[in-house]
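First comes the structure, then the notes that go with it.
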Number of protein chains: 2
Amino acid sequence: MLTTKGSDVYDKNVNTRLLKVGFNLKKMEINSNEVARLAGVSRSTVSRVINNYSNVPLKTREKVLKAIKELNYFPNVSAQMLAGKKSRTIGLFMVSSGEIAVDVLTNMMIVSVIESASDLNYYVLTYIIRDASDEGTINNVREMFYQRRIDGGIFIGTKHDEAFVDDLVKQGFIVGVFDQEHPAERVPNRIVANFNNESGMKQAIAYLLGLGHRDIGIINGDRQRLSGIEKYEGFLSAMRQQGLPVHEQWVLNGDFSEQAGYEAMQHYLRRSGADAARPTAWVAANDSIAFGAIRALREAGLLVPEHVSVIGFDDHVLSEKHNPPLTTVRVDFKQLFKDLMQMVIAQIEEQSDAVKEVAYDCTLIIRQSCRRLD
Amino acid sequence: MLTTKGSDVYDKNVNTRLLKVGFNLKKMEINSNEVARLAGVSRSTVSRVINNYSNVPLKTREKVLKAIKELNYFPNVSAQMLAGKKSRTIGLFMVSSGEIAVDVLTNMMIVSVIESASDLNYYVLTYIIRDASDEGTINNVREMFYQRRIDGGIFIGTKHDEAFVDDLVKQGFIVGVFDQEHPAERVPNRIVANFNNESGMKQAIAYLLGLGHRDIGIINGDRQRLSGIEKYEGFLSAMRQQGLPVHEQWVLNGDFSEQAGYEAMQHYLRRSGADAARPTAWVAANDSIAFGAIRALREAGLLVPEHVSVIGFDDHVLSEKHNPPLTTVRVDFKQLFKDLMQMVIAQIEEQSDAVKEVAYDCTLIIRQSCRRLD
DNA sequence: CTGAAAGCGCTTACAG
DNA sequence: CTGAAAGCGCTTACAG
């Protein structure tokens, strides 16, 4: 009964006709033929109007536009593509193991990419790579390019030198990557955007030095990723520059998650014992790590910044609201992804053929998680 | 020089040939003709292998498969679609005004939808709707359906009775919605998934009653959305059932964000004055609101749960780690989106023609943000 | 079991 | 300025 009623409504109000083809009912969409007929022109002319050809007189143009509107016609994308148009779709490949998925940053990056594309009238097909070493997963990624589902792809969270990305570049596909090094062989179809992580980390250390800290530890992020490597190098370089020792026990490792920061710090505190010499300040490879580390410190009865100073990286949306408000190095993800998307699309639309590699500066944001030593 | 080198590398390693067409260089992909030639069969047979037709002898099948592998061939999706195949792409339409975008929930929902699709070998095209009342935005949404970019769409965060969604359903497109009421006219191409918000809210109130609370306030979410409406109704119904009064001043309004919770509570505290009769417990329409409210309470010197009890909704990933750990009503987004996706795809693949409406139960999770009154 | 051929709905040189 | 026609790369009845 319900179903019958449903079907009934369907037949009456639907903007499609049912056509008997063999033994199947096939839904026919409005196509350019019908628009042409209604407007009294040929399909060629309809196409010219849709594609904004200059040699269509205003009069004709208006007739066609009217017919398009009247029939609620939208050109079939597959047919357009088959005839040589682009898909106007960008693949977004986000490497994200389980825990990271809950990170606010992931969301922000996804949304930034989607909106940047949307502003340029492009669509985004998102694919989550849970395990970049899984053969099947990588094959799915490659497939999206080869099938021509997408005009290009943006990769986030890959290792600094992921081989399958290199492959795609070699095949001539247009690829934008965040947080990867630009390999020696530079080609215009590989666009690279990074932050100046070293410089950012150096700012953090400079600030701590200014506050009188000399015993500084670091909680690293994923050192398979370029930013993980660079931040650590910035730290080493700044410490070395100042003639300060880097204590091996004060170099903590993990990935870029809150949980990793928590565990690394908890582990360190247990291992080091209460009367060991401990850093007076920690720099974390990102804010999530800093949150986790602060949680572990608090659980051990150590207050930030009273007992120990902590500085983050990213300026996560929650950093300002954190207790204590987190001193951190701000990084402009939105701008970066906007520019990266714009460069990728320029390459797709053949507006440029330059090798593109950009690096964005970061800026220290002072809040209340560090204290001056006296 | 660099560019020259780039081009050189390109020509040598690339799996494409350059073909002179008029004055343009056109890249030619491997197509089924070349596979057919290499395998010594016709394109028909290649297609039959790709589409797993049963009437291809193993021998032939293997020859073709070998050629496909050798040429690294992937069928062109546009051609397949034009010949009648589906796009295997689902549109994800996420209504999200600026502030909400930073919410962890948004991320979780997006990722849940994408992964559910991925498990079924489908792709997701995500579109962010910043303003559902904007004509241009809605036209973009409709366009995606009419252009046949997607086989169906899932809507999250729409108003409970959004008209353009109804329109799409009426046009026969397959639509899955979360948090919308199923209108009187039920059709199999509209699939609805909700939580039992009323029952969830009643559990929250029941728990507070058990702790001895009788003066209970509510901080509502967006009441343009079904969940906002239902949670409030659950609250009213539970209070009425118990013969407890609902004080107008104890009904706070906003949207589903942390900021709204913060502002609503801050505003209430200012307005009510310290010696006014205040609720001993608040229920919030979601956890983000609860976080914001707790922040405002703390700033006013009121501790949770010592001075006032607060209960949330959703069981946000941060709720457990919150200080204090938040008592809340847990809701299983992952399961819901997985099932919703599965139902939408079943409809696309014509595996079912039933009217689909499902509602998932919620469960109270007791932590430490509520205290027993004595 | 398998090939030749029509057809999907566009775009775009080509010819006028 | 505009129409007829070829072509994009598939799938699938049809005929054998």
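Naming: A, B, ... by sequence-line order, numbering from 1 per chain. Computed over heavy atoms, backbone and side chain alike; hydrogens, waters and symmetry mates excluded.
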Which whole-number value in Å describes the distance from [X] [atom1] to [N] [atom2]?
X        : N       : atom1 : atom2 : answer
Arg88(A) : dT11(C) : CZ    : P     : 13 Å
Leu82(A) : dG7(C)  : CG    : C1'   : 12 Å
Arg43(B) : dG9(D)  : CZ    : P     : 9 Å
Lys86(A) : dT11(C) : NZ    : P     : 15 Å
Phe74(B) : dG9(D)  : CZ    : C1'   : 16 Å
Lys85(A) : dC8(D)  : NZ    : P     : 17 Å
Glu34(A) : dC8(C)  : CD    : P     : 12 Å
Asn76(A) : dC10(C) : CG    : C1'   : 8 Å

Given [options], the nucleotide with the shortest approach to the side chain of [X]:
X        : options                  : result
Arg48(B) : dC14(C), dT11(C), dG3(C) : dG3(C)
Pro57(A) : dC10(C), dC10(D), dC1(D) : dC1(D)
Tyr73(B) : dG3(D), dC10(D), dT12(C) : dC10(D)
Val56(B) : dG9(D), dT11(C), dT2(C)  : dT2(C)
Ala83(A) : dT2(D), dC10(D), dT11(C) : dT11(C)
Tyr53(B) : dC10(D), dT12(D), dT2(C) : dT12(D)
Gln80(A) : dG3(C), dT11(C), dG9(C)  : dT11(C)
Ser44(A) : dC10(D), dC10(C), dG3(D) : dG3(D)

Indicate yes or no for a side-chain donor-acceptor contact from [X] to the backbone of [Y] under 3.5 Å, with no hydrogens or angles considered.
X         : Y         : value
Glu357(A) : Ala193(A) : no
Arg61(A)  : Arg48(A)  : no
Arg190(B) : Ile174(B) : no

If you look at every strand shown and take non-hydrogen atoms under 4.0 Å, does Asn33(A) touch a base, only sugar-phosphate, or nothing?
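Answer is nothing: Asn33(A) stays at 4.0 Å or more from every strand.
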Indicate, with a heavy-atom threshold strictly under 4.0 Å, whether Thr60(B) touches base, sugar-phosphate, or nothing.
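Touches sugar-phosphate only.
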According to a 3.5 Å limit on both distances, what stems of 3 or more consecutive Watson-Crick or G-U pairs are formed with DNA chain C?
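So far as stems of 3 or more pairs are concerned, DNA chain C shows C:1-3 with D:14-16, C:5-12 with D:5-12, C:14-16 with D:1-3.
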Would you indicate, yes or no, if dG9(D) has its OP1 or OP2 atom less than 4.0 angstrom from a side-chain nitrogen or oxygen of Ser32(B)?
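False: Ser32(B) side-chain N/O out of range (4.0 Å or more) of dG9(D) OP1/OP2.
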Within the pair Asn55(B) and dC1(C), is there a side-chain N or O less than 4.0 Å away from OP1 or OP2?
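False: Asn55(B) side-chain N/O out of range (4.0 Å or more) of dC1(C) OP1/OP2.
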Given Asn139(A), which partner from the list Arg142(A), Glu135(A), Glu143(A) fulfils the side chain to side chain donor-acceptor pair (under 3.5 Å) test?
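Among Arg142(A), Glu135(A), Glu143(A), the one meeting side chain to side chain donor-acceptor pair (under 3.5 Å) with Asn139(A) is Arg142(A).
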Should the pair Phe93(A) and Tyr127(A) be assigned to parallel (<30°), tilted (30 to 60°) or perpendicular (>60°) ring geometry?
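Answer is tilted, since the angle falls between 30° and 60°.
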Parallel under 30°, tilted from 30 to 60°, perpendicular over 60°: which one fits the rings of Phe173(A) and Tyr146(A)?
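Perpendicular: the ring planes of Phe173(A) and Tyr146(A) meet at over 60°.
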Would you say NZ of Lys356(B) has more than 12 non-hydrogen atoms from neighbouring residues, nucleotides or ligands within 6.0 angstrom?
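Enclosed.
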Say you pick atom C1' in dT12(D) and the same atom in dG16(D); how far apart are they, in whole Å?
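Here dT12(D) and dG16(D) have their C1' atoms 16 Å from each other.
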Please identify each residue that fulfils side-chain hydrogen bond (donor to acceptor under 3.5 Å, both in side chains) with Thr60(A), with sequence neighbours left out.
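side-chain hydrogen bond (donor to acceptor under 3.5 Å, both in side chains) list for Thr60(A), sorted by chain: empty.
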Closest-nucleotide 5' rank along DNA chain C - winner of Val41(B) and Ala79(B):
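Its nearest nucleotide lies further toward 5', so the answer is Val41(B).
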Quick one: does Arg148(A) reach the base of dG9(D) with a side-chain donor-acceptor pair under 3.5 Å?
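Such a pair does not exist between side chain and base.
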